[in-house]
Amino acid sequence: MPARPVFTPAAFPAGRLRRTRRTAQIRALARENSLSVNDLIWPVFVVEGSNRREPVASMPGVERLSIDLITKASKDAAARGIPAICLFPYTDPALKTAACEEAWSADNLSNRAIRAIKDSVPDIAIMTDIALDPYNLHGHDGIVEDGCILNDETIDALVKMALAQAEAGADILGPSDMMDGRIGAIRSALEQQGHKDVAILSYAAKYASAFYGPFRDAVGATQALQTSAIAGAAKGDKSTYQMDPANSDEALRLVARDLSEGADMVMVKPGMPYLDICRRVKDTFGVPTYAYQVSGEYAMITGAAERGWIDGEKAMMESLIAFKRAGCNGILTYFAPRVADLLQG
Ligand code: PBG
């Protein structure tokens, strides 16, 4: 919805804006936005094994779960009305290579999880991540050669990865790699291979952010990332492909480009520091727009709440309504199950 003109209120005392804030009931009537369970996509971390749960130290309350437990958690999430989960695998370091072949193995951890969930939880949408970082000896989202991230070679790998995920039954593919041309390549491969109804939620405006730190611990990519020096960026830094936090118009170019190549939905990431981008994207394109409230945002809220510095529950809900106010249709958030519980009351 494009920005509307703002009505100029009557001058005081005819105009007293506190009248619509006086009671809980009047505030409810005057409320402009609301958060519902339909707005939630729950990112989860998958680990090998059975009946295994491993806490992620930098994300209090978040655990890596083995496939059997993820399946159970998906069932619970579906029962609470959460529409989608998003899978992130913790890959055995022994499987990481420079060519990242494990990324498109039909039986990799992520694809086995997709099949298991599809088999027993029909009423939750499964979203995936398309990027090479969990499988890459170098920890980067793209193929690294001679200190460079190779764009076109990476696309070939991402297409294979996307097809393997679609084959396993994924409903929504989430390319998070920030290579140029990947949406078009993935979309045409999906069409050719008979996966014409698989949706693409493009991480279109993804910034090179310090807020991804806890996530990289959760998927075990931190160490690998520190090993490779990329020309044009500091060690462990993804600035040659992820966006400069100083930029805003560039986000609109990226969204326009990804939509033109066949993305169905677009994402801004991280979330809270980039609400201005969410609003511009929604106003400019009017397409299904999502924000990823990333690991570092979750860690800030839960970490401060654990110390008693803020009210964690209130901060959680306030942070999420902010995304709705900024124009988002939904939010990827590690808080999803807690929010769903709270909303159910
Ligand atoms: C990897 C990927 C990242 C996240 C989602 N997919 C990390 C990165 O780009 O380094 C971050 C999510 C989070 O921080 O919660 N392609």
Side-chain angles (χ1 to χ4, degrees), residues 40-46 56-64 85-91 96 100 102-103 110 127-136 138-144 149 154-155 157-158 161-162 165 172-179 182-183 186 200-228 230 233-245 254 266-274 290-303 319-320 323 331-336:
L40 305 173
I41 299 175
W42 182 28
V44 291
F45 299 112
V46 198
V56 178
S58 48
M59 300 177 74
V62 171
E63 297 172 313
R64 301 184 194 105
I85 55 163
C86 183
L87 302 175
F88 292 99
Y90 176 93
T91 304
K96 299 187 188 200
C100 311
E102 182 66 8
S110 172
M127 177 173 167
T128 56
D129 190 67
I130 301 183
L132 301 177
D133 51 322
Y135 311 100
N136 194 342
H138 300 286
H140 276 283
D141 294 20
I143 306 247
V144 177
I149 310 281
T154 298
I155 289 185
L158 298 175
M161 192 175 177
Q165 293 174 350
I172 305 170
L173 307 184
S176 70
D177 55 285
M178 290 295 281
M179 297 299 118
R182 89 275 203 222
I183 300 295
I186 291 170
I200 297 178
L201 199 176
S202 166
Y203 288 61
K206 177 172 178 180
Y207 288 84
S209 174
F211 291 98
Y212 305 150
F215 172 96
R216 291 176 188 169
D217 294 339
V219 298
T222 308
Q223 221 188 344
L225 197 55
Q226 289 308 327
T227 61
S228 53
I230 296 296
K235 255 198 178 148
D237 187 313
K238 299 187 176 182
S239 299
T240 71
Y241 47 108
Q242 298 181 346
M243 279 182 71
D244 183 338
L254 285 161
V266 295
M267 189 200 295
V268 174
K269 178 181 174 197
M272 282 165 66
Y274 298 91
Y290 302 82
Y292 197 143
Q293 182 179 52
V294 299
S295 55
E297 301 175 62
Y298 175 89
M300 285 196 300
I301 294 173
T302 50
S319 69
L320 293 169
F323 293 110
I331 309 109
L332 286 94
T333 176
Y334 301 97
F335 288 124

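Everything quoted here is computed from the prediction, not taken from an experiment. Counting starts at 1 for both ligands and their atoms, following the listed order.
By the side-chain hydrogen bond (donor to acceptor under 3.5 Å, both in side chains) test, Ser239 pairs with Asp237, sequence neighbours left out. In this structure Glu63 satisfies the side-chain hydrogen bond (donor to acceptor under 3.5 Å, both in side chains) test together with Arg53, sequence neighbours excluded. With sequence neighbours left out, Tyr207 forms a side-chain hydrogen bond (donor to acceptor under 3.5 Å, both in side chains) with no residue at all.
Between the side chains of Gln293 and Ser319, at least one donor N or O sits under 3.5 Å from an acceptor N or O.
Surrounding CD of Gln226 are more than 12 heavy atoms belonging to other residues, nucleotides or ligands, all under 6.0 Å away.
Residues of the protein with a heavy atom under 4.0 Å from ligand 1 are Phe88, Asp129, Ala131, Asp133, Asp141, Ser176, Lys206, Phe211, Tyr212, Phe215, Arg216, Lys238, Gln242, Lys269, Tyr292, Val294, Ser295, Tyr334, listed by chain and number.
Relative ring orientation between Phe88 and Phe215 is described as perpendicular, the plane-to-plane angle rising above 60° on a 0-90° scale split at 30° and 60°.
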